[in-house]
There are 2 protein chains.
Amino acid sequence: MPKDLKLPFDPIARAGDLWRARWGEGSQAGPMVTATSIMRVQQVLLTEFDAIAGRHGLTFARYEALVLLAFSREGRLSMGRIGERLMVHPTSATNIVQRLAAQGFVERVANPRDRRGAFAVITDTGRAAMEATTADLERAEFGLGMLGDGEQEALFSLLRAVRVAAGDFVDDVDEPAREHPG
Amino acid sequence: MPKDLKLPFDPIARAGDLWRARWGEGSQAGPMVTATSIMRVQQVLLTEFDAIAGRHGLTFARYEALVLLAFSREGRLSMGRIGERLMVHPTSATNIVQRLAAQGFVERVANPRDRRGAFAVITDTGRAAMEATTADLERAEFGLGMLGDGEQEALFSLLRAVRVAAGDFVDDVDEPAREHPG
């Protein structure tokens, strides 16, 4: 992953110029550069978060699973629920939990209601790794310290429309708009 | 990947509430939910783009490599340059080109200036697959049709600040601000 390319031009804006030159003024150069920006910023953030989580023996994906378990009522969740909440494929959820179990950050216990299923339970060392990673992510302002509170709220709100359109949740118009917890 | 979860609440906003309840009002719940939104929207877009590219035998990553080659002056680039422009690890660039070569979408030719290096050259069938994918992505408005032009520009501009802070390019204050090609 290149770091600090410091190009003398914005590579995504330039790609937009090339796009318009090739496919015309009526082409979707605007949506193209915006979508490409989302992908690039996701890559920037994930690289930073993985590096932070890596200091505590985690990846960001495994950290997210630990947060989920720590936030759950009894510190345990079924594999299916973990995949659902993390919005990842069940196979990915299984891989994440297997890795966490190998590290001693979770334990797997039988699910009394489902013989084939299993619960993942967060351990004390898992909680410690999660808390330490959280402290470092908070210090790093989740990679978004260059944006003011109003800008973060605007970004959250614009992205929220994409999540609603994707069917992640129902945007209930009778409810007052959710506030950004900035 | 869950599609149309249609939860009766915004799962990311709820995670923000839990975050604040656990780590306090002074915690970085705002940046946390904004960063999480970026990751979720990237996942939504990539899933859609991979499905579109899949109709033409491609993934979005392989499509991006074909666009890069088609946009290059002679329809060919060195492996190193491909990795650099796609902002991916050289190993990923090699894997992408190997796969495209196996499909007949690119050909690999020796680099006269570097015996160990190689150029990737886009083939006619590669160009056809790229053009067909482009047409479908344009029709899908790059997954961002729910946002108006002004909203897309605002989103691009907010994300641009993150890319500048990451060192992707130098934001020359003497230059007039680049316009979003919306």
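Residue numbers start from 1 in every chain, and the chains themselves are labelled A, B, ... in the order their sequence lines are given, proteins ahead of strands. All values below come from the heavy atoms of this structure, side chains included, with hydrogens, waters and symmetry mates left out.
- Looking at B:Leu147, only its side chain comes within 4.5 Å of chain A, counting heavy atoms on both sides.
- At a 4.5 Å heavy-atom cutoff, the contact between B:Leu144 and chain A is made by side-chain atoms alone.
- Each of B:Leu18, B:Leu137, B:Leu159 has some count of heavy-atom pairs under 4.5 Å with chain A, and the biggest count is that of B:Leu159.
- Close approach to chain B, defined as a heavy atom under 4.5 Å from one of its heavy atoms, is seen in A:Phe60, A:Tyr63, A:Val67, A:Ala70, A:Phe71 of residues 59-74 of chain A, taken by number.
- For the atom pair OG (A:Ser37) and CZ (B:Arg163), the distance works out to 4.0 Å, reported to the nearest 0.5 Å.
- Separation of atoms CD (A:Glu141) and CD (B:Gln28) is listed at 5.0 Å; rounding is to 0.5 Å.
- A distance of 8.5 Å separates CD1 of A:Ile38 from CD1 of B:Ile38, quoted to the nearest 0.5 Å.
- Atom-to-atom distance recorded for A:Glu138:CD and B:Trp19:CH2 is 6.0 Å, nearest 0.5 angstrom.
- Atom-to-atom distance recorded for B:Leu158:CG and A:Glu153:CD is 11.5 Å, nearest 0.5 angstrom.
- Contact annotation: the side chain of A:Pro8 never approaches that of B:Phe169 to less than 4.5 Å [non-hydrogen atoms, C-beta and beyond].
- Salt-bridge annotation for B:Lys6 and A:Asp168: absent, with no side-chain N of the basic residue lying under 4.0 Å from a carboxylate O of the acidic one.
- The two atoms that bring A:Gly143 and B:Val162 nearest to each other are O-CG1, 4.5 Å, heavy atoms only.
- Contact of B:Met146 with chain A is made through the side chain alone, with heavy-atom distances under 4.5 Å.
- Interatomic distance, B:Thr34 OG1 to A:Phe156 CZ, rounded to the nearest 0.5 Å: 6.5 Å.
- Two residues are said to be in side-chain contact when any heavy atoms from C-beta on lie closer than 4.5 Å; B:Leu7 and A:Val170 fail this criterion.
- Taking 4.5 Å as the limit, every side-chain heavy atom of A:Arg85 sits out of range of all side-chain heavy atoms of B:Pro11.
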